[in-house]
Amino acid sequence: LLWKFKNARVIKLLGVESIDDGIFARFKRLETIEIPSASKIGHRAFRSCSSLTNVLLSSSLAEIPYGAFDGCESLAKIDLPGGVKAIGDHAFQGCSKLQIESFPESLKSIGCGAFEGCAKISRVRFAEGLETLGQEAFKGCSSLTEVYIPDSVRELPFALFSDCENLRAVRQPQDIVHGCDVFKGCEKVPEECKVDAKERKRRAEAEERQRRKESEERERRAEEAERQKRTTFKDAGDVKTEVVDGVEYVFLLSPVGVK
């Protein structure tokens, strides 16, 4: 039935509680969608709605699912409901005009590639309570300059911010762990931000090993010098040693050639 509305520019679904998978996918002329009662949205429900600019979601919506707005290249703004707990994989991938800076305090997870290629996002601040960020979630966000990651996040996964070429300010927990290529292609990110807790520990342990090695080498050289000195004395004649107030004195008793 909905295919009859494929060329509609505005669709308002009042009283509808669930949106099926892919039901509005590729509605190329759709500009406005209002679903104020839908507590569930299916996968790829609005995928490739290339003219979509206005979205009204239900306050009871708990998840933006897989690919829900993937490829909605005209979508510049969306108000995420205050109860959203999860943004699924590729939910907003390719929304090249989307600008979003803050996320609801209820949010617990962001999926893989969720905002990949969102070239207009400039700042991202997550609320305390966020737990999981997916791989490549913000890959290729070329306008992104600042990121705030709360202490509740324990790990930054593979290629999370890769190719964010203008990213330069990153606030992250001191004990956070990085996956591979988190900041690959982010030439403006300070080097200290690219070092995670594991790497800091590895470097500290390496420095400690080097310090011990150098200390042991100094002790070895000192002992060798002392042995060399004693050998020189013994070659000259009998030697007597005596310790006074913690200082060792060496006495040459009958050096060769002395009567």
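Every heavy atom of this structure was used, including side-chain atoms; hydrogens, water molecules and symmetry mates were not. If you read the sequence from its start, that first residue is 1, and numbering goes on from there.
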- So how far is it from Glu155 CD to Leu133 CG, rounded to the nearest 0.5 Å? 10.0 Å
- Task: Tell me yes or no: between the side chains of Gln172 and His178, is some donor less than 3.5 Å from an acceptor?
- Result: yes
- Item | Flag, side chain of Glu128 to backbone of Ser152, donor-acceptor distance under 3.5 Å | yes
- Message: Given 3.5 Å as the limit, does a donor-acceptor pair link the side chain of Ser109 with the main chain of Thr132, or not?
- Response: no
- Message: To the nearest 0.5 Å, what is the distance between NZ on Lys188 and SG on Cys193?
- Response: 15.0 Å
- Within a strict 4.5 Å, meaning less than it, do heavy atoms of the Phe46 and Ile35 side chains meet? yes
- Indicate the atoms forming the closest heavy-atom contact of Asn54 with Leu52, along with that distance. O-CD1, 3.7 Å
- Task: Establish whether Phe138 and Val153 are linked, either directly or via other cluster members, by ILVMFWY side-chain heavy-atom contacts under 4.5 Å.
- Result: yes
- What residues form a salt bridge (charged side-chain N to carboxylate O under 4.0 Å, His left out) with Arg47, not counting sequence neighbours? Asp70
- Is Phe161 linked to Leu107 within one hydrophobic cluster, defined over Ile, Leu, Val, Met, Phe, Trp and Tyr using a side-chain heavy-atom separation of less than 4.5 Å? yes
- Of all heavy-atom pairs between Ala137 and Gly111, which one has the smallest distance, and what is that distance? CB-O, 3.7 Å
- Message: Once salt bridge (charged side-chain N to carboxylate O under 4.0 Å, His left out) is applied, do any residues pair with Lys194, and if so which ones, sequence neighbours excluded?
- Response: Glu191
- Query: Should we say atom CZ of Arg171 is surrounded by more than 12 heavy atoms from elsewhere, each under 6.0 Å from it?
  - Reply: yes
- Task: Say whether Ile176 and Val124 are linked into one hydrophobic cluster, either directly or through other cluster members, by side-chain heavy-atom distances under 4.5 angstrom.
- Result: yes
- Task: Apply side-chain contact (heavy atoms from CB on, under 4.5 Å) to Phe24 and Leu13, showing your working.
- Result: CA-CA 12 Å; Phe24 295 106; Leu13 300 178; 3.6 Å; yes
- Note on the structure: dist Arg168:CZ -> Thr145:OG1 (nearest 0.5 Å) comes out at 6.5 Å
- Distance (rounded to the nearest 0.5 Å) between Lys28 NZ and Asn7 CG: 12.5 Å
- Message: Is there a side-chain contact between Lys184 and Val182 in this structure, where contact means two heavy atoms from C-beta onward sitting under 4.5 Å apart?
- Response: no
- Item | 4.5 Å side-chain heavy-atom contact, Arg29 and Lys6 | no
- Message: Any heavy-atom pair between the side chains of Asp175 and Arg154 that's under 4.5 Å?
- Response: yes
- Return yes if some donor-acceptor pair links the side-chain N/O of Asp21 with the main-chain N/O of His43 below 3.5 Å, else return no. yes
- Query: Looking at side-chain heavy atoms only, is the closest gap between Ile11 and Thr32 below 4.5 Å?
  - Reply: no
- Nearest heavy-atom approach of Ser58 to Pro81 is O-CG, 3.2 Å
- Does some side-chain heavy atom of Leu30 sit less than 4.5 Å from a side-chain heavy atom of Phe5? no
- Query: Any side-chain heavy-atom pair from Phe126 and Ile110 closer than 4.5 angstrom?
  - Reply: yes
- For Ser106 and Val84, the nearest pair of non-hydrogen atoms, with its separation, is OG-O, 2.6 Å
- Message: Minimum heavy-atom separation for Ile41 and Leu61, please, with both atom names.
- Response: CD1-CD2, 3.7 Å
- Query: Taking a hydrophobic cluster as the set of Ile, Leu, Val, Met, Phe, Trp and Tyr residues connected by side-chain heavy atoms closer than 4.5 Å, whether directly or through intermediates, do Ile23 and Val16 fall within one such cluster?
  - Reply: yes
- Check ion pair Arg221-Glu217 (N to O, under 4.0 angstrom): yes
- Message: If hydrophobic clusters are built by linking Ile, Leu, Val, Met, Phe, Trp and Tyr wherever their side-chain heavy atoms come under 4.5 Å apart, do Val55 and Phe92 end up in the same one?
- Response: yes
- Starting at CZ of Arg123, measure out to CG of Leu167 and round the result to the nearest 0.5 Å. 12.0 Å
- Query: Does the pair Glu146 and Leu144 meet the rule for a side-chain contact (heavy atoms from CB on, under 4.5 Å), with working shown?
  - Reply: CA-CA 6 Å; Glu146 300 177 20; Leu144 187 62; over 6 Å; no
- Does the side chain of Arg218 reach to within under 4.5 Å of the side chain of Glu214, using non-hydrogen atoms? yes
- Message: Quick check against the 3.5 Å criterion: does Ser143 have a side-chain atom that pairs as donor or acceptor with the backbone of Ala119?
- Response: yes
- Task: Enter the distance from Ile100:CD1 to Arg125:CZ here, rounded to the nearest 0.5 Å.
- Result: 14.5 Å
- Query: Where is the tightest heavy-atom contact between Ala45 and Ile19, given as atom of each residue plus distance?
  - Reply: CB-CG2, 4.0 Å
- Query: Are the aromatic rings of Phe115 and Phe103 close, with centres under 6.0 Å apart?
  - Reply: yes
- Flag if over 12 foreign heavy atoms under 6.0 Å of CD, Glu105: no
- Hey, does the side chain of Ser162 reach the backbone of Ala159 with a donor-acceptor pair shorter than 3.5 angstrom? yes
- Item | Chi angles and distances behind the side-chain contact (heavy atoms from CB on, under 4.5 Å) call for Phe27, Ile33 | CA-CA 11 Å; Phe27 275 37; Ile33 182 71; over 6 Å; no
- Query: Has the side chain of Ser96 got a donor or acceptor atom that lies under 3.5 Å from a matching backbone atom of Cys118?
  - Reply: no
